[in-house]
Amino acid sequence: MARVVVGLSGGVDSSLAAALLLEQGHEVIGLFMRNWNDASVTLEAECPWIEDSNDALLVAEHLGIPFQVMDLSGPYKERIVDTMFAEYQAGRTPNPDVLCNREIKFDLFLEAALQLGADYVATGHYARRRDLPNGEIALLAGRDPNKDQSYFLCQLNQAQLSKALFPIGELLKPEVRQEAAARGIPTAAKKDSQGLCFIGKVRLPDFLQQQLSVKPGSIVEVPASWEGWKNPEFGAPWPLHAAAGKAVGQHQGAHFFTVGQRKGLLVGGKAEPLFVVATDTRENIVYVGQGEQHPGLYRPFVHVAAKDVHWVVPSRALKVGESAPLQVRIRYRQPLQEAVLTALPDHSLRIDFAVPQKAVAPGQFAVWYDGEALLGSGAMAH
RNA sequence: UGCCCCAUCGUCUAAUUGGCAGGACAGCGGUUUUUGGUACCGUAUGUCUAGGUUCGAGUCCUAGUGGGGCAA
C-alpha cells in the first residue's frame, strides 16, 4: 500500500496502469501533464491536449480517483523544445521524447508528485523495473516485444527509477486493451497516440521553421565510388567536401535534414531514391547518395562522447580499457544489434557493431542492453 | 539565317511494321511508429507550336520555335 501518482495521458495504457494500481491496493492520484499549448503547429484541427485531458478526467472519474491537470508547458518549452531547436541548429537530430522522460516526467512531474506525498510515480510505459540483489534497480524491456518502450527511458538514473512504477510492463498491448475494456475504462478502444509525446503529431519541417532560419544551399550527390567511403574514421564524420560529388539541387537549410532521410529533398529523375548521407551545417551542404545500399549510409561503429555516456545500472559501467559484448539499438523499435562496447582512455565509449548500421544520425541515442536489461545509453557523435 | 541531329508527366526515360502513352525518381494522400528517419500502400500530372497524310500520328510529311553538332 503506497501513494502513487499516475501520469494519465488520456490513452489506454496509463488508464489501465491506474486501474491496476488501484486493484493492488494503492492510493492512486491521477495527474495530467499539459506540455504544449500552441495548436498552430499540430496537425489536428482542434487542440489535441484538451481532448486528452478530458479523457484522462473521464478515466479518473470512472476509477473514482482524484484528478488534477498540471501545466508544465513552460518548462517543457525551455528544456525540450528549445534544446530541440539548438540541436537541429547544430546539425544533430535530437530525441525529444527521451529528454521529456528525463527532464519532465521523471523530474519536474516526479517532484510535483512527491510534493503531493506520493511514494511513487507511475506511467503507462511498456517497460519493467526489477530490484537487483545489490540494491540497484534494473530497467527491463516491456514484455511485449512489439511495444517495448524502454528505449525512451534510457536516460533515467537510479534515483528516478527508484520512484518509478510501470504497471503494464508485463502485459501485451492486446491484453491492455482487453483488460481496459473488461473494466469499462472509457479509453479502452482509443487509438494509440503518435508523434511527440503530449504534443501530438506535428509537421516537423514547419515546426522547425518557426525558429530556424531558411538558408538556401546545395545538395551534393556523392557517388558510391568515392574513395572516402572506403575507410571510415572512428569518431569522425565522413571527410566529405563539395568536390567529392556534384550538385543536384538546392535545399532550404542543411539543419532541416537528418541522416538517412529520403523525403523532402525535392530532387527527382534518379533511377533510385536519394538518401541524406551527411549534413554539413557549417558549409550548409546536404550530401546525398543514391540507393539504399549506398556505402555512405552505413557505419560499422559509433562514438559516444564521455559527457554523454550514461549508465542506468552503474555497477555495470565499463572501466577504462574494458570491453563487453552487448546488444545495442540506435532507434526505437529496432531489433537489438550485436555489438562490442569499449570504454576508451578518455572515458568515451566505442561501439563496434557486428553488422554496419544504416542511417546513424548524430544526436540520436544508442542504447545498450544485456538481454532484456537496459544498461545504459548515450547520444551518438558519429 | 548553309547542312545535320534532338524535342514525351516536375525530372530522367519507355512505347513492335502508325493501333488504349508505361516506368523510375520527385510530389501528394494514407498505413505502420509515443523522437528524427525509415518502410509499406494508394494517387494526380505529359507527347514543343501550327498545318498536312491516315479509319487512326509520340511515331510519317512541311513550316516554325528551342537545344546540340558540323561548317567558319
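Chain letters run A, B, ... following the sequence lines, proteins first, then strands; residues in each count from 1.
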Q: Find out whether A/R299 and A/M380 are in side-chain contact, i.e. whether some heavy atom of one side chain is under 4.5 Å from a heavy atom of the other.
A: no
note: A/N95, atom CG; B/rU33, atom C1'; distance rounded to Å ~ 13 Å
Here the distance between atom C1' of B/rU33 and atom CG of A/D148, to the nearest Å, is 13 Å
- If you look at every strand shown and take non-hydrogen atoms under 4.0 Å, does A/F365 touch a base, only sugar-phosphate, or nothing? nothing
Going 5' to 3' through nucleotides 7-12 of chain B and flagging B where a protein heavy-atom sits under 4.0 Å of the base, S where only the sugar-phosphate is that close, and - otherwise, we get ---BBS
Q | Under-4.0 Å salt bridge between A/K147 and A/D13 | A | no
Spacing of the C1' atoms in B/rU32 and B/rA39 (rounded, Å): 8 Å
When rounded to whole Å, the CG to P distance for the pair A/L212 and B/rG36 reads 16 Å
Report task. Provide the distance between the two C1' atoms, one in B/rU47 and one in B/rG29, to the nearest whole Å. Result -> 28 Å
**Study point:** Salt bridge flag under 4.0 Å for residues A/K77 and A/D82
**Key:** yes
Rounded to whole Å, the CD-C1' distance (A/E103 to B/rU35) equals 15 Å
In whole angstroms, the gap separating C1' of B/rU34 from CE of A/M33 amounts to 12 Å
| message | Work out how far the P atom of B/rA50 is from that of B/rA24, and round it to whole angstrom. | response | 31 Å
message = Could you tell me how far B/rC12 sits from B/rU17 if I compare only their P atoms? Round to whole Å.
response = 27 Å
Of the candidates B/rU34, B/rG36, B/rG27, the side chain of A/Q364 sits closest to B/rG36
Rounded to whole Å, the CZ-P distance (A/R331 to B/rU34) equals 15 Å
Here the gap from A/Y76 atom OH to A/K105 atom NZ, rounded to the nearest 0.5 Å, amounts to 8.5 Å
**Asked** Centre of A/F234's six-membered ring, under 6.0 Å away, within 45 degrees of the axis: is that where NZ or CZ of A/R350 sits?
**Response** yes
Within residues 248-262 of chain A, those residues having any heavy atom closer than 4.0 Å to RNA chain B are A/T258, A/V259, A/G260, A/Q261, A/R262
Item to check | B/rA44 versus B/rU65 - spacing of their P atoms, nearest Å | outcome: 37 Å
In whole angstroms, the gap separating P of B/rU34 from CG of A/N101 amounts to 13 Å
- Do A/Q158 and A/E136 have side-chain N/O donor and acceptor atoms under 3.5 Å apart? no
_Please give the distance between the P atoms of B/rC61 and B/rG22 as a whole number of Å._
25 Å
Under-4.0 Å side-chain N/O to phosphate OP1/OP2 contact, A/K105 with B/rU34 | no
CD/A/E233: more than 12 non-hydrogen atoms of other groups inside 6.0 Å:
no
Could you tell me how far B/rU43 sits from B/rG36 if I compare only their P atoms? Round to whole Å.
27 Å
Taking pairs as Watson-Crick (N1-N3 plus N6-O4 or O6-N4) or G-U wobble (N1-O2 and O6-N3), each distance under 3.5 Å, the stems of three or more consecutive pairs with RNA chain B are B:2-7 with B:65-70, B:10-13 with B:22-25, B:27-31 with B:39-43, B:48-52 with B:60-64
On a heavy-atom basis, the closest approach of A/D148 and A/G142 is OD1-N, 3.0 Å
Indicate the ring-plane relationship of A/W226 and A/H241, choosing parallel, tilted or perpendicular according to the 30° and 60° boundaries.
perpendicular
### Message
Could you check whether atom CG of A/D346 has more than 12 heavy atoms from other residues, nucleotides or ligands sitting under 6.0 Å from it?
### Response
yes
Assign each of A/V98 and A/A271 the nucleotide of RNA chain B bearing its closest heavy atom; nearer the 5' end lies the nucleotide of A/A271
Here the gap from A/S15 atom OG to A/E179 atom CD, rounded to the nearest 0.5 Å, amounts to 13.5 Å
Less than 4.0 angstrom from a charged side-chain N to a carboxylate O is my criterion; do A/K358 and A/E292 meet it? yes
In whole angstroms, the gap separating C1' of B/rU38 from NZ of A/K358 amounts to 7 Å
Among B/rU34, B/rG36, B/rU38, the one nearest any side-chain atom of A/H125 is B/rU34
Integer angstrom distance from the C1' of B/rC48 to that of B/rC55: 27 Å
Regarding the side chain of A/R333, the nearest nucleotide among B/rU38, B/rG36, B/rU33 is B/rU33
Check the phosphate of B/rU34 against A/K190, side-chain N and O only, distance under 4.0 Å to OP1 or OP2. Yes or no?
no
Would you please classify the geometry between the A/H125 ring and the A/F106 ring as parallel, tilted or perpendicular, with 30° and 60° separating the classes?
tilted
**OP:** Answer yes if the ring centres of A/F275 and A/F257 are under 6.0 angstrom apart, and no otherwise.
**Re:** no
Whichever of A/G124 and A/G264 has the more 5' nearest nucleotide on RNA chain B, that residue is A/G264
| query | Would you say A/Y332 reaches B/rU34's phosphate, i.e. side-chain N/O to OP1/OP2 under 4.0 Å? | reply | yes
